[in-house]
Amino acid sequence: MLNQMKTYQMYIGGQWVLASDNQTRKITDPANGNLIGVVPEATVMEVNEAVAAARNAFDNTNWGSADNALNRAQLMMALANKLRENAAKFAELDTLNCGKPLVESEGDVADSANCLDFFAGLATKTMGETVAVPMNMQSMVVREPIGVVAQIVPWNYPLLMGVWKIAPALAAGCTIVMKPSELTPLSILELAKLTEEVGIPAGVVNIITGIGEVAGAALVNHPDIDKIAFTGGTDTGMKVMTAAAKGIKNVTLELGGKNPVVVFADANLDKSAEWIAFAGMANQGQVCSAGSRILVEKSVYNEVIERVAKIVTHIKLGHGLDEGVRMGPVISKEQQDKVMSYIEKAKAEKCRLICGGSLPKGEQFAKGNFIEPTIFADVEPHHTLFKEEVFGPVMSFTSFDTEDEAVKLANDTEYGLAAGVFTESVTKAHRVVKQIRAGIIWVNNYHPTFNELPWGGYKKSGIGRELGKYGIEAYLETKQININLDEGQLGWY
Ligand code: NDP
């Protein structure tokens, strides 16, 4: 058990540094407000230093060169193994810092290590091609690292979201400046220590801690950044994309979702109910892919609500480190207020409250940002809860009559990240999956995420894909080379 509050430093150019003006930020446990760490609050000066360090490592070392790919792969696998050796510490730290149940953090750490291994495997497999062209040329296409990348990650998966970005960038041969969320920087700073221990060269991975409006904005606007990879809210995503546009920088965005889960009457309800509850409530509902909009065929509508509500009302709330807890606090008081304002709005708009809807009572919840897992029924397309991402433990239920109506409701959103379909009919599942405009679709399950498969959204859920073979593409440039095989004169002039 981590019981000592630690003072952290940022990692820039292989050095551990404080902010130039010595400003710091207190990091607290969202379950009880306890101080768990103090981190530097980066100024623009440290952002510039970090970008300069990454630029130097990219431009003046062989880190990104093709003949260093095997070395990069080996360093990444060493990092994955170090992470596994320290898995318990990392899981505990993420639970303390962002509130999620320990069992979820343990899964995140295991996934992070596997993600490093997966992309280590791809580091040595960035293949080009030769192409026949209508002149006497040897023409080829080669892939090269895109350069210095700015990576900005949110608070809902502090370690995993960081690794999803660091791993493909390292494999491709890029150098990195990462800014974790101001609320959850601890596990990424600990990971930076492991990068140093395994011998990833100075300047390749740089971590700055600070706030989005200062450090984040300075980073994405920096002229020496070649690519921006961002995960977070859609409004911030727009600002990041604007910065990218100004600098004509390559950008990938992983934004929000208001993800539908379509439940047909022929679904196996015994098996489906728990998946549906998990879709909406995992990580306190603070998941971009949370299945928060449950669309149920009318003949089983009340039964599904009843079954899911029964599961949800029995979720054990508490500190994520406590035995049996399956729901912790939301990340901050601000987030708690935001989620509660959505709950109040749903009540005011006359959505039918099935369970939850309040802050839990009891001494153990008094100092934390807890919210009762909440379900509303009879939520219609014009209701706020149907349209806006809550990012908390709140699910809405809506009924439908026909398959066409189900698809229409599922697509009635500006987002397109994920969706679920529950049915025992293979043909129906395929028909519906084909019509839903979303980047990730689960049938008769929800949430399993694989390093091997692309992750990202349609519509306002983002641009580009992380993970899978697509994940490394986001960090590679494409160069065509034409070698003249003709010995003769050009003869043009
Ligand atoms: P943000 O989008 O504000 O934060 C994500 C990251 O961007 C953080 O590291 C943040 O830093 C940084 N950031 C903020 N402003 C800027 C900026 N101007 N330039 C560059 N970087 C910036 O998410 P919030 O934490 O405020 O959450 C708001 C909402 O976003 C949530 O309620 C949820 O709806 C959604 N969200 C979606 C996520 C997803 O996975 N798709 C993840 C998290 C949130 P800092 O922490 O200092 O603000």
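Each ligand, and each atom within it, is numbered from 1 in the order the structure gives.
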With sequence neighbours excluded, what pairs up with Phe278 under the side-chain contact (heavy atoms from CB on, under 4.5 Å) test?
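Residues passing side-chain contact (heavy atoms from CB on, under 4.5 Å) with Phe278: Trp275, Ala282, His447.
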For ligand 1, the residues whose heavy atoms come within less than 4.0 Å (ordered by chain, then number)
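Residues Ile152, Val153, Pro154, Trp155, Asn156, Lys179, Pro180, Ser181, Glu182, Gly210, Ile211, Gly212, Gly216, Ala217, Phe230, Thr231, Gly232, Gly233, Thr236, Lys239, Glu254, Leu255, Gly256, Cys288, Gln335, Lys338, Glu389, Phe391 each place a heavy atom under 4.0 Å from ligand 1, listed by chain and number.
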More than 12 heavy atoms of other residues, nucleotides or ligands under 6.0 Å from CD of Gln435: is that the case?
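Counting other residues, nucleotides and ligands, CD of Gln435 exceeds 12 neighbours.
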Would you please say whether a donor-acceptor pair under 3.5 Å links the side chains of Thr398 and Glu380?
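Per modelled atom types, Thr398 and Glu380 side chains form no pair under 3.5 Å.
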Check: Gln286/Tyr157 side-chain N/O donor and acceptor closer than 3.5 Å
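No, because no side-chain N or O of Gln286 sits under 3.5 Å from a partner of the opposite role on Tyr157.
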The single option from Arg437, Lys387, Lys460 passing salt bridge (Lys or Arg N to Asp or Glu O under 4.0 Å) against Glu414:
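That would be Lys460; it is the only one of Arg437, Lys387, Lys460 passing the salt bridge (Lys or Arg N to Asp or Glu O under 4.0 Å) with Glu414.
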Would you call Lys347 and Glu344 a salt bridge, using N to O less than 4.0 angstrom?
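Glu344 and Lys347: salt-bridged.
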